[in-house]
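Comments concern the structure below.
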Amino acid sequence: MEISARYTPSEVEERWYAHWERRGYFRSVPDDREPFSIVIPPPNVTGVLHMGHMLNNTIQDILIRKARLDGKNACWVPGTDHASIATEAKVVRWLREEKKLRKADLTREQFMEYAYQWKEKYGGIILGQLRKLGASCDWERTAFTMDKGYYDDVIRVFVDLYNKGKLYRGLRMVNWDPEAKTVLSNEEVIYHEENAQLFHIQYKGADGGDGVVIATQRPETIFADVAIAVNPKDPRYAALVGKQVLIPLIQRAIPVIADDYVDIEFGTGALKITPAHDPNDYEVGQRHQLEVIDTIADDGKINERCAFAPIVGLDRFEARKQMKGFLEESGNLIKIEDYRTNIGRSERTNSVVEPKLSLQWFVKMSDLGAPALKAVLDEEVRFYPPSFQNLYRNWMENLRDWCVSRQLWWGHRIPAWYLKNESLGQEIQVFVAETAEEALEKARVATGNAALSLDDLRQDEDVLDTWASSWLWPISVFDGFKQPDGEVAYYYPTSVLVTGWDIIFFWVARMIMAGYEYRGAKPFQSVYFTGMVRDKQRRKMSKSLGNSPDAIKLLDDFGADGVRYGLMSSAAAGGDILFDEKLCENGRNFCNKLWNALRLVKGWNTTEQPENEEIARKNALAVRWLNEKFQQVITQVEADFAQYRLSEALLGLYTFVWDDFCSWYLEMIKPGFEQPIDQATREATLDAFSRIMVALHPFMPFVTEEIWHQLRARREGDDCCVQPYPKSAAADNNLIARVEAAKNVITGIRDIRNQNQVKPRDPLAVTVLDSESARALFAQTGLREMVMKLAVLESLDISEEEPANAKSFITGTEKYYVALNQTIDVEAERKKLAEELEYQRGFIRSIEAKLSNERFVSGAPAAVVDNERKKLADGLARV
RNA sequence: CGGGCCAUAGCUCAGUUGGUUAGAGCGCCACGUUGACAUCGUGGAGGUCACAGGUUCGAAUCCCGUUGGUCCGACCA
């Protein structure tokens, strides 16, 4: 049968993926095997596959497939995240551009209907794309963070945390966008250095003294001032602390307080405290129990709480302009300095962000954080690479309470109901419960008013932060809240989490918190942090930069295996990947290499017996060597997997396949052109090739499955992806060393051939100078025949005499002479040998230096080096 | 400003508890190819392991400092 000279992934991948799914290989249900579980970091429900996903999911698939081959019950749970803010933004844009609708014109219910339409249309596309990559997920378990069951879990946890006092509603400084009238997350605020002015303003003493001069960028906020703060160590103001000063224009008296926060060097060393309009001032205000006066409305205009009527109703920037005049007039303006400072602007509207106090829901971090920090520091949860412990600790030791409310609609609506009973003159009361009915019941009890109805309650308009749902992922996907003793008990803790380090705080840390809070146990044994995929200029790949290759096109161009190889070959855990399509090309070439090895062995005719004894000995040695070498590689691969050194494992297999298997082994056993090969060697080769396919399968599932089936006719269900992974065993290092020595001899001869323009096929006569080591080496059965074949020799003799007209080289402790039919440049030869001699002498000197040290009593190494020295002294003598 | 991480061949990176005269891939150079594969083969060149000090018999590896890069926080009235 004619096989194409190239491997064509497109003819293979879809077919095998469908086959695997049909056979149910990816399905997992609890049984008595050891479980190996991974929950996918859920991509955005409306997202499309990008490089980061491919890297991440390739790694997960490698781990899952390896576990499956190791005989474990491998369970990979796929799913998607509703991605509150990102998805809502997409829906809003779609409504505006396609439907000509503004969110403000829709009711919540209408908006949600459109959002679900959007989700139905685009949701889950990415899951199909993961199949193209070869991801062996248990698709029957596909989860979504807004599935009914998941939604209920999120609500239940909110209520539970509230009941336990670990969740509360409080005032906090947020980033307010006065144009969009919404809160922004920190990530949506962009800071740039801009020109600004620093106003130096005098606040006169209430006792008629000079008072104090402060510096501010925002003179329009002075009417919200509640204090002037100075550093307690600042001698200039020591006498003022505790006194009162007057706010210009309105003459309201405020105290001068002392606080370490104030920088003596900056400005005048005196700071106005405006808790409503500056986050730091708010904190100072809290420390000193100061009042909060909010003088700026949601739209950025000065509101009526401002006691200085002339600026009420003006925009904050207009007010600032006018304040200059008012302050000059009153004589309070000392000077104005030009000044460069960082200004935060809204990513969306570019308007200057206004720090603003608002009521938000918070999860208390003090109780939740402690066990999560301990788990990582004690390596109860192991990080790979471990250096991320530092980053984690740094953050966990400086935890702030987690604001979980968001002013959005797409998400889990906060289960809090408010009752405002003004006739009773009461404050707003809040009732947190899983349902409105329960909240009503609570309200009735609390108020003693049985006549209250649902109409008297108003549910909180906000939804929860996306991470406040995804932190439950490892528990909720196994239904661990409703059935805590169900299958969650089998799969949890999951084996490993594979994710980018950029969400170590958002997600990883919080899953650990939730794990201890709700199951009293860590959510995963290990975390494998992937690096960021960057372009050649080290820029993070992103849609807005347009520097990200089209993932699907890459898969089409190089095949899934090629892309997987490309991503993995430079993806040490935690290290960034500078992505270059060249890497995928290497992967594609590797597939072709495998494919052509297949073509070679498939093309052989067989005979019962080897042609002669020499060939039999040579082939037997080759087969033994390959198997020993394979043991060595598998042992290393297992060690690499245990440390999550996947790139190294792949590289080891790659080198083994390319160099040992293809370049050496197949050449060793390859029969002459159109000659047959003996049955036993062919069988051994097919077996070895098959084992190699299994070993490589986790990394490159498609090509290995295809070749596995091409190698032999297999029974239904005898698939590569469900074979037992090759077991590692001790390798025969002596045999490997002897063949290694033979390879050096062959390389030496090839080198001489190369340098003297001797054609590859012209047979050469080689003599090795008689020595104990030479005899010992060639005592290995089949070795002489192996050298003769691969170096293309007509003779290989051991002799005590130096042949004439020969070039020589030394390897190990033997000296070889290659006879040539040409005159030898004696000078050049001598020079070469002199260089060799110098090298050897240098080597020996360094060893001698070591050995002459008395403190080299350090046990075994000494013996080894001593041995080394003897060998080299031997070699030196020969030269 | 505070903290983390990093600095090894032209490029991208390995180098596991300190013990080879420092490795790989790509790139480069030379030679080669009717033979599984030019998506290839055989060879080769190329490094003061950022710099300075210390510990040690021995440092790319451990410690301290300097410089440079990078990321994350606070970004300052």
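None of the values given here were measured: they were computed from a predicted structure. The sequence lines fix the lettering, A, B, ..., with proteins before strands; numbering per chain opens at 1.
Taking only distance into account, the side chain of A:Arg761 meets the base of B:G35 through a donor-acceptor pair shorter than 3.5 Å.
The side-chain hydrogen bond (donor to acceptor under 3.5 Å, both in side chains) test applied to A:Asn586 returns no partner, not counting sequence neighbours. For A:Glu11, the side-chain hydrogen bond (donor to acceptor under 3.5 Å, both in side chains) partners two or more places apart in sequence, or in a different chain, are A:Thr8. Evaluation of the side-chain hydrogen bond (donor to acceptor under 3.5 Å, both in side chains) rule for A:Tyr7 yields no partner, not counting sequence neighbours. In this view, A:Arg750 satisfies the salt bridge (charged side-chain N to carboxylate O under 4.0 Å, His left out) rule with no residue, not counting sequence neighbours. The salt bridge (charged side-chain N to carboxylate O under 4.0 Å, His left out) test applied to A:Asp260 returns no partner, not counting sequence neighbours. When the salt bridge (charged side-chain N to carboxylate O under 4.0 Å, His left out) test is applied to A:Arg753, no partner is found at least two apart in sequence or on another chain. A:Asp401 is linked by a side-chain hydrogen bond (donor to acceptor under 3.5 Å, both in side chains) to A:Tyr168, counting only residues two or more places apart in sequence or in another chain. For A:Leu598, the side-chain contact (heavy atoms from CB on, under 4.5 Å) partners two or more places apart in sequence, or in a different chain, are A:Trp595, A:Lys602, A:Phe689, A:Ile707, A:Gln710, A:Leu711.
Annotation: of the two residues near RNA chain B, A:Leu600 and A:Lys272, the 5′-most nearest-nucleotide partner is A:Leu600.
Rounded to an integer number of Å, the gap from A:Leu790 CG to B:U42 C1' is 13 Å. The distance from atom CZ of A:Phe529 to atom C1' of B:C71 is 15 Å, rounded to the nearest whole Å. Atom NZ of A:Lys759 and atom C1' of B:G35 are 16 Å apart (whole Å). In this entry the distance linking CZ of A:Arg750 with C1' of B:G41 reads 9 Å, nearest Å. When the P atom of B:C75 is taken as reference, atom CD of A:Gln217 falls 13 Å away, rounded to whole Å. Taking atom CG of A:Asn280 as the reference point, atom P of B:G73 lies 16 Å away to the nearest angstrom. When the P atom of B:A36 is taken as reference, atom CZ of A:Arg682 falls 15 Å away, rounded to whole Å. Here B:U16 presents its P atom at 17 Å from CZ of A:Arg382, a figure rounded to the nearest Å.
Salt bridge status for A:Glu220 with A:Arg316: absent, with no side-chain N to carboxylate O gap under 4.0 Å. Under a 4.0 Å N-O distance rule, the pair A:Arg588/A:Glu581 does not qualify as a salt bridge.
Side-chain contact, A:Thr295 with A:His277: a donor N or O sits under 3.5 Å from an acceptor N or O.
Between A:Phe529 and A:Phe383, the ring center distance clears the sub-6.0 Å criterion.
Residue pairs meeting the salt bridge (Lys or Arg N to Asp or Glu O under 4.0 Å) criterion with at least one partner in residues 387-396 of chain A, sequence neighbours excluded, are absent.
The listed nucleotides are B:A14, B:C37, B:C76; the one nearest the side chain of A:Asn596 is B:C37. In the set B:G41, B:G43, B:U16, B:U16 carries the atom at the smallest distance from any side-chain atom of A:Arg645. Side-chain proximity of A:Lys593 to B:U42, B:A36, B:A14: nearest is B:A36. In the set B:G43, B:C37, B:G15, the nucleotide with an atom closest to the side chain of A:Glu648 is B:G15. Which of B:G35, B:G43, B:C76 sits closest to the side chain of A:Lys670 comes down to B:G35. Nearest to the side-chain atoms of A:Phe673 among the listed nucleotides B:G35, B:A36, B:A30 stands B:G35.
The gap from the C1' atom of B:C28 to that of B:C75 amounts to 48 Å, rounded to the nearest Å.
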Close N/O contacts between protein and nucleotides 4-9 of chain B (under 3.5 Å):
unit_1 : atom_1 : unit_2   : atom_2 : d
B:C5   : OP1    : A:Asn390 : ND2    : 2.5

List every contact pair, protein side and nucleotides 22-27 of chain B side both N or O, where the distance is under 3.5 Å.
unit_1 : atom_1 : unit_2   : atom_2 : d
B:G27  : OP1    : A:Lys582 : NZ     : 3.4

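Within the 4.0 angstrom heavy-atom criterion, base atoms lie near A:Cys662. No contact: A:Ala5 has no heavy atom under 4.0 Å from any strand. Counting non-hydrogen atoms under 4.0 angstrom, A:Trp604 reaches nothing in the nucleic acid. Across all strands, A:Glu397 comes closer than 4.0 Å to no nucleic acid atom at all (heavy-atom distances).
Listed by residue number, the members of residues 740-747 of chain A with any heavy atom below 4.0 angstrom from RNA chain B are A:Thr747.
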